[in-house]
Amino acid sequence: MVKGSDPSYLKSLNSRQLEAVLHYGSPLLILAGAGSGKTRVITTKIAYLVDQQQFDPRCILAVTFTNKAAKEMKQRAVALAPEAGEVMIRTFHSFGAWLLRRNASLIGLSPYFTICDEQDSLSLLKSAVKDKLPGELTGSDARRQRKEFLHCINRAKDCCLGPDDDLRSLSHHEDLPEVYRAYQRYLQRSGNVDFGDLIMRSVQLLQDNPEVKKRISQRFRVVLVDEYQDSNIAQFHLLDELYDKSNYICVVGDEDQSIYRFRGAEMENILNFDRTFPGTMVIRLEENYRSTGNILAAAGSVVKNNRRRLGKNLWTRKGEGARILMVHLEDQEHEARFCSDLLKDGGYGNTAILYRMNFQSRSFETLFNRLEIPYRVVGTLRFYEREEVKDALAYLVLLLNPNNIVAFARAIGKPRRGVGEKSLDKIKAVSRDHGMDLLAAGKTALDSLRGRGAGGAEQFLSLMDHLGERLDKSKPALLIKEVITKSGLYDHYRERDLAEGSSRLSNLEELVSALSEYPAGREGLSRYLEDISLNSSDEDPYETTPRVTLITVHNTKGLEFERVIITGLEEGVFPLYSGLEESAFPDEEELEEERRLFYVAITRARERLVLITCATRKIFGRERWQTPSVFLDEVPAEIMDVYGQKSVEEELPLGCGVFHEQYGSGIITRKWMQGSEPMVVVRFENGRSARFCLNYTPLERIAMDDWS
DNA sequence: CAGAGCGTCTTCCGC
DNA sequence: AGACGCTCTG
């Protein structure tokens with residue numbers, strides 16, 4: 001079986017990596033530290049299986065976390081062994097979509113079902129709740145409540161729980177089951193699934209249809225999972241359904257990099273893997289090829305404060321490298337200015353500026369635009385989430401799936417045709433009562449529509465008829481072109497561009513060219529729609545000028561940069577306090593997740609690491625005092641250089657003990673800015689409180705033990 | 001039914 | 001500070 005000599009790609013591996021590549025048989029857990037050559041191991045393993053072990057590539061399934069990672073994995077595997085091109089490499093969600101489409105009829109869906117994003121989900125939920133609980137959710141906080149419900153529903157799906165299951169661990173809201181049920185019914189009727197459904201319904205499909213399960217688990221003899229630390233319970237179930245004792249399963253992950261708890265990731269999956277799959281072999285990859293010694297020391301010293309971990313020790317053959325730079329600044333404008341100063345060395349392409357929340361990019365963008373520093377912002381406003389793009393696509397979505405309520409409402413209402421809520425409700429009612437799709441229902445309801453609505457609806461429906469006739473013959477690019485011109489969207493957006501100085505028309509042109517790569521007919525269109533709904537990053541591959549990268553920490557997963565600047569290292573920002581109240585400190589689990597996030601951020605750096613903390617920051621349009629992140633204390637002082645001084649604020653954070661010459665010892669209970677004057681309220685030992693301006697009143701910081 | 005004007009509440013992270 | 005949704009008016 002095995003060819004005469006080892007292929008060259010095995011020779012460059014270290015012994016642990018080699019062991020992981022060659023292993024076969026029992027379940028395998030690879031604990032791969034940051035920068036330990038994880039992707040290389042997986043791709044080599046794939047290549048080895050198809051190239052040396054003569055596995056049929058179609059028997060191998062590799063699951064990644066992002067489409068970008070999937071793409072990269074395939075490229076690298078193919079570079080090692082061309083046969084790997086046939087291996088199925090997908091994200092969990094994309095695999096779910098594949099499985100559901102092939103078996104759509106078994107679960108009462110058209111194979112052309114559409115995957116809805118959060119916006120679509122919210123609007124579906126709105127209609128569902130309106131029918132179900134009239135008047136219930138119409139208050140001023142209706143939107144907030146819908147979001148809350150949707151959040152719970154998503155979490156339920158992450159756990160594979162349906163509306164009839166016990167949901168009390170998620171929310172005690174008594175309406176949740178009913179809202180969930182109504183929402184699911186709406187999704188089904190509308191021919192939609194959401195992200196959670198892609199996994200949950202796949203699990204159900206396999207559980208309810210033994211013959212499908214048998215077929216699938218016989219096909220995929222080898223299942224590889226990357227980023228296993230971020231899998232959720234539903235994904236675990238899916239894996240469990242695919243698993244068969246005669247199959248080979250291998251998961252790769254790093255519990256220290258588990259950063260998606262907020263959307264249902266379950267660290268227990270990786271922590272318990274060896275118990276769940278008896279006979280598991282565990283291999284640790286601890287040699288780091290990315291970062292200098294000092295950077296690894298910082299990372300290790302931070303993450304060792306976490307209790308929930310399996311533990312590993314990263315090491316490197318590189319030297320200590322440069323010291324870590326820690327910077328105290330006044331506010332986010334100074335933060336941006338400091339970064340621009342660092343960039344005077346011209347290292348645009350080698351530098352990434354990391355932040356916890358997307359909106360933090362603003363101060364950098366403003367300044368960099370002014371200074372003409374080239375930058376790219378990773379992962380904001382996706383192209384297909386733009387209003388005009390969604391508008392045009394709604395017509396095509398509706399062609400493929402004429403039950404799609406969201407797309408129907410969007411398309412018939414944009415541009416304005418005089419069809420409003422009333423007319424729409426009539427059409428929906430006809431569709432429901434007569435069991436016809438929305439386009440057919442529209443025609444039936446035409447007679448009963450009054451006034452402006454009638455003419456508009458008729459015009460719209462005849463356009464859809466015309467497009468429908470061409471659906472199977474025309475290329476998607478031609479169809480969308482026709483949609484844009486004949487629907488009136490072109491005129492609509494030309495006027496708006498003129499009025500607002502925007503460039504939405506050019507986005508529509510971009511849409512046409514994006515579609516031009518897809519083949520004619522339903523299949524091509526359907527493939528395009530799936531690609532855009534599951535693809536997060538659409539980076540321009542023709543990008544050549546070196547640019548600074550502005551990116552959230554979450555988005556840096558799997559990336560590395562020569563120089564990394566982590567900004568906003570302040571209590572409440574990083575670690576983020578999610579509660580609305582200032583006092584909503586994170587619990588231990590949340591804090592550990594934030595710490596892992598910080599760990600991920602640090603380990604993105606190859607050579608240089610800069611940590612920035614500001615004394616004040618504008619949040620929600622209000623200037624707020626900030627306290628340096630607790631994480632900064634966890635980086636060893638002996639490998640850091642400190643720039644800038646601690647401000648008055650940092651020396652006297654909220655809650656610290658202070659001494660006043662006259663009044664004695666007390667504690668700071670409030671802080672705010674009065675104009676440019678920093679003010680505090682101190683509660684003294686005798687129980688009395690007093691207000692001071694820090695510029696005029698000397699307060700000495702003391703340890704709390706001194707007086708309490 | 002559509003657009004203007006106004007009040008609200010917000011924004012973590014993302015497949 | 002800005003987006004969004006709701007209300008009011010033509």
A:Leu122 atom CG is separated from B:dG14 atom C1', nearest whole Å, by 15 Å

From CD of A:Gln235 across to C1' of B:dC15 the rounded distance in Å is 9 Å

| query | Is the closest side-chain donor-acceptor distance between A:Tyr577 and A:Glu571 under 3.5 Å? | reply | yes

Side chain to side chain contact (heavy atoms under 4.5 Å, CB included) filter on A:Ser431, not counting sequence neighbours, yields A:Leu438, A:Ala441

Open item on the list: Taking any heavy-atom pair under 4.0 Å as a contact, classify A:Phe92: base, sugar-phosphate, or nothing.
Closed with: nothing

Taking the P atom of each, how far is C:dC6 from B:dT11, in whole Å? 14 Å

From the candidates B:dT11, B:dA2, B:dC13, the one with an atom nearest any side-chain atom of A:His554 is B:dC13

Residue set satisfying side chain to side chain contact (heavy atoms under 4.5 Å, CB included) with A:Ser533, at least two apart, ordered chain then number -> A:Ile115

A:Arg416 has its side chain closest, among B:dT11, B:dC13, B:dA2, to B:dA2

To the nearest angstrom, the NZ-P distance between A:Lys414 and B:dG3 comes to 10 Å

Picking from B:dC15, B:dC12, B:dG14, the nucleotide nearest the side-chain atoms of A:Arg356 would be B:dC12

Can you check whether A:Asn555 has a side-chain N or O nearer than 4.0 Å to OP1 or OP2 of B:dG14? yes

Closest of C:dC6, B:dC1, B:dC12 to the A:Leu576 side chain is B:dC12

When rounded to whole Å, the CD to C1' distance for the pair A:Glu227 and B:dG14 reads 14 Å

Taken to the nearest whole Å, NE2/A:His492 to C1'/B:dA2 is 12 Å

Remember a base hit wins even if backbone is also touched, and classify A:Lys147 as base, sugar-phosphate or nothing at under 4.0 Å, heavy atoms.
sugar-phosphate

Q: Cation-pi check, A:Arg595 to A:Phe598: give yes when NZ or CZ is under 6.0 Å from the six-membered ring centre and within 45° of the ring axis, no otherwise.
A: no

Worksheet item: Just by distance, with hydrogens left out, do A:Tyr518 and A:Asp531 show a side-chain donor and acceptor under 3.5 Å apart?
Response: yes

Atom NE2 of A:His93 and atom C1' of B:dG14 are separated, to the nearest Å, by 10 Å

Rounded to whole Å, the CZ-P distance (A:Arg146 to C:dC6) equals 6 Å

Looking only at C:dG2, B:dC15, B:dC1, the nucleotide nearest the A:Thr66 side chain is B:dC15

Within a 6.0 Å radius of atom CD on A:Glu458, are there more than 12 heavy atoms belonging to other residues, nucleotides or ligands? no

Of A:Leu424 and A:Glu118, the one whose nearest nucleotide on DNA chain B sits closer to the 5' end is A:Leu424

Closest to the side chain of A:Lys126, out of C:dC6, B:dC1, B:dC15, is C:dC6

| request: Return no unless some side-chain N or O of A:Thr552 is found under 4.0 Å from OP1 or OP2 of B:dG14. | output: yes

**Aro-ring/base stack A:Phe262-B:dC13, d under 5.5 Å, angle under 30°** = yes

Euclidean distance for C1', B:dC12 against C:dG5 (whole angstrom): 22 Å

Any N/O donor-acceptor pair, A:Arg263 side-chain to B:dC13 base, under 3.5 Å: no

Taken to the nearest whole Å, NZ/A:Lys426 to P/B:dC1 is 8 Å

From the candidates B:dT11, B:dG3, B:dC1, the one with an atom nearest any side-chain atom of A:Lys422 is B:dC1

Q. At under 4.0 Å, does any side-chain N or O of A:Asn154 touch on OP1 or OP2 of B:dG14?
A. no

